[in-house]
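Everything below concerns the one structure shown next.
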2 protein chains.
Amino acid sequence: MRDIDIAEAARLSGVRASTLRFYEEKGLIASHGRRGLRRLFDPAVLDRLALIALGRAAGFSLDEIARMFAPDGRPRIDRRMLAAKAEELERTIRKLNAMHDGLRHAAACPAPSHMECPTFRRLLRAAASGAIGERKTRRPPRKSFAATGREQGRARGS
Amino acid sequence: MRDIDIAEAARLSGVRASTLRFYEEKGLIASHGRRGLRRLFDPAVLDRLALIALGRAAGFSLDEIARMFAPDGRPRIDRRMLAAKAEELERTIRKLNAMHDGLRHAAACPAPSHMECPTFRRLLRAAASGAIGERKTRRPPRKSFAATGREQGRARGS
DNA sequence: CCTTGACCTCAAGTTGACTTGAACTGGCAG
DNA sequence: CTGCCAGTTCAAGTCAACTTGAGGTCAAGG
C-alpha cells in the first residue's frame, strides 16, 4: 500500500476529506502527488493526523501545531512546551473541579432558591471575580452523532 | 445607590460596556431607563451578571443561560440541568487529566524522539481514536483577569 | 463513447461571543 | 452658550476551524 488517496485517508483517519484539504492548505499535511485530480498521500500522513488530533485534544491551536513540525516535516516538539501545556491543563482542571463541585452542590442543595444557597453564592462570587475563569465548549461535529438519531440539540436531563 | 449607569455597571462587574449592550440586546439583562441616552441599570444587574459569568464558566452558552431566567426575570435554574452539566464537566476533567498525565510524561520522557516514547504513542492512538476527545480553548480577551488569588479547588487525580 | 460520481478549486458561509467603526447625541463643565 | 466626551445606534468585522456551494475535471464502467 504505497500512497493512499484522500478518500482512504479520510476513512482511515476519521478526518473528513474537506478537513484534509484544509489541513493541506494550512501546511499541516502534504499530499505526495495526484492520480488524475485526486490527491495521493503517503500513509505516514496518518501518523501526522494522529499527532494533529493529539495536539488539538491538548488544546493547541492549528497554528501552534504547525509550528511543531520542522521545515523538513519531522515533528519537532519542544518538551518545555509540553510541560507548559501540562501546567496550563492543570490549572484548567483545578477550575473545572471547583466548578464541578459547586454545581453538584447546587444541584443537591435544599435551599428553596439557589440565591439562598451559600455554596451557590460563593460560586457566584468566584465566577464574578474571574477566579473560575474562561472556558468555551465546542459543539460536537455533525459527523459521528448518528447514534442519537433525530435529536439535534443536546439531550440534557430535561 | 438607585440605578447605575453603564459605565458604573461595567466598572463594578468587570464586564465591558459593549458586552453589556450586547447582553441587553440578547435579553440577558435589561436596562431600567435612561438618563439622556445613557442606560440605567438596577444594581441587581450585578447579580445577574455574576450568574451569567458563572454559567459561562460552567460551559453554558448564552442561549442556555438566557433560558435559565423565567419570563419575570427571576432565575429558574433546573437542578437536573446543573447535575447534568456537572457530569459533563466530570467527563471533561477525566479526559483532561489523561491528557495532562500524558503530556507530563512526554515532556519528561528520555526517548530521543517523541515517536519512540511508548507513552507518547499511546496518547497518539488515544487521540486518533477520539478517546480523548474535543476541546476548544478560548483566547483570553484583552482585559486583565488579574486575581486568580484564592483557589478553592483541589486538583483531584493527576 | 458517454455517463456517472467522486474528486477538484475557490469563494463564501457558519457558529458564538463579542468588538470595532462610523456617524450621531446630549448632559454638564467652563 | 458651547465644546467635550462619554455615551448612543447599526452594521460590519474578528477569530478558529471548518463546511458548503457552485461550477469544473477526469478515470472508469456500461
Side-chain angles (χ1 to χ4, degrees), chain A residues 3-11 13-29 31-41 49 52-67 127 130 133-145 152-154, chain B residues 3-11 13-29 31-41 49 52-67 130 133-145:
Chain A
D3 289 347
I4 58 186
D5 74 7
I6 195 173
E8 194 144 18
R11 191 174 57 75
S13 66
V15 174
R16 282 182 170 212
S18 70
T19 307
L20 293 177
R21 280 189 286 269
F22 174 70
Y23 281 178
E24 184 178 13
E25 195 180 348
K26 275 224 136 194
L28 286 163
I29 59 176
S31 57
H32 214 248
R34 299 281 174 121
R35 178 167 54 233
L37 290 181
R38 265 162 227 222
R39 286 163 176 78
L40 294 175
F41 293 101
L49 288 171
I52 292 169
L54 177 61
R56 296 275 301 120
F60 291 100
S61 70
L62 291 184
D63 283 349
E64 284 173 313
I65 293 168
R67 273 181 249 124
E134 298 253 316
R135 203 166 90 77
K136 183 167 179 190
T137 27
R138 232 282 230 201
R139 70 226 124 104
R142 269 83 191 125
K143 55 179 235 191
S144 69
F145 266 95
Q152 178 73 294
R154 53 265 100 178
Chain B
D3 289 347
I4 58 186
D5 73 7
I6 194 173
E8 194 144 20
R11 191 174 57 74
S13 65
V15 174
R16 284 184 170 208
S18 69
T19 306
L20 293 177
R21 279 189 287 268
F22 173 70
Y23 281 177
E24 183 178 15
E25 196 180 349
K26 274 224 136 194
L28 286 162
I29 58 176
S31 57
H32 213 246
R34 300 280 175 124
R35 176 166 56 232
L37 289 181
R38 262 164 229 220
R39 284 162 178 77
L40 294 176
F41 292 101
L49 288 170
I52 293 169
L54 177 62
R56 297 272 305 121
F60 291 99
S61 71
L62 291 184
D63 282 349
E64 285 173 314
I65 293 169
R67 272 179 251 125
E134 300 252 314
R135 204 165 90 77
K136 184 165 181 194
T137 26
R138 218 323 213 171
R139 334 224 129 279
R142 276 60 188 154
K143 77 179 212 189
S144 64
F145 263 116

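Residue numbering restarts at 1 for every chain, and letters A, B, ... go by the order of the sequence lines.
Regarding B:L40, its CG atom lies at a distance of 12 Å from the C1' atom of D:dG7, rounded to whole Å. For the pair B:I52 CD1 and C:dA17 P, the interatomic distance rounds to 12 Å; values are reported in whole Å. In this structure, the CZ atom of B:R38 is 11 Å from the C1' atom of C:dT25, given to the nearest Å. Atom CG of A:D63 and atom C1' of D:dC18 are 14 Å apart (whole Å). Computed from coordinates, the A:E8 CD to C:dA6 P distance equals 15 Å when rounded to whole Å. The CG-P distance, from B:D5 to C:dG27, rounds to 14 Å in whole Å. One can place CD of B:E24 at 15 Å from P of D:dG7, the figure rounded to the nearest angstrom. Computed from coordinates, the B:E64 CD to C:dG16 C1' distance equals 12 Å when rounded to whole Å.
Distance CG/A:L20 to CD1/A:I29: 5.0 Å, rounded to 0.5 Å. For the atom pair B:L62 CG and B:I52 CD1, the distance stands at 7.5 Å (nearest 0.5 Å). The distance from atom CG of A:L54 to atom CG of A:L49, rounded to the nearest 0.5 Å, is 12.5 Å.
Dashed line: the shortest gap from a side-chain N or O of A:R21 to OP1 or OP2 of C:dA11 is not under 4.0 Å. Residue A:R39 has a polar side-chain atom (N or O) positioned under 4.0 Å from OP1 or OP2 of C:dC8. Side-chain N/O atoms of A:R56 include one lying less than 4.0 angstrom from OP1 or OP2 on D:dA17. Contact check, B:R16 against C:dT20: a side-chain N or O comes under 4.0 Å of OP1 or OP2. An OP1 or OP2 oxygen of C:dA17 is reached within less than 4.0 angstrom by no side-chain nitrogen or oxygen of B:Y23.
Closest heavy-atom contact between B:F60 and B:I65: CB-CG1, 3.8 Å. The minimum heavy-atom distance between A:A9 and A:F41, with the atom names listed, is CB-CD1, 4.1 Å. What you find for B:A10 and B:A17 is that their closest heavy atoms are CB-N, 4.0 Å.
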- Heavy atoms under 4.0 Å is the rule here; annotate nucleotides 22-30 of chain D 5' to 3' with B where the base is hit, S where only the sugar-phosphate is, and - elsewhere. --BBSS---
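Out of D:dT9, D:dG7, D:dC18, the shortest distance to the side chain of B:R34 is found at D:dT9. Of the candidate nucleotides D:dC18, C:dC8, C:dT19, C:dC8 has the atom nearest to the side chain of A:I6. With distances taken from any side-chain atom of B:S61 to the nucleotides D:dC18, C:dA17, C:dC18, the minimum falls on C:dA17.
At the heavy-atom level, B:A17 lies nowhere under 4.0 Å from the strands shown. Within the nucleic acid shown, B:S18 comes within 4.0 Å of at least one base atom, counting heavy atoms only.
We find that B:E64 and B:R67 are not joined by a salt bridge, their nearest charged nitrogen and carboxylate oxygen being 4.0 Å or further apart.
Residues A:R21 and A:I6 have side chains in contact (heavy-atom distance under 4.5 Å, counting atoms from C-beta outward).
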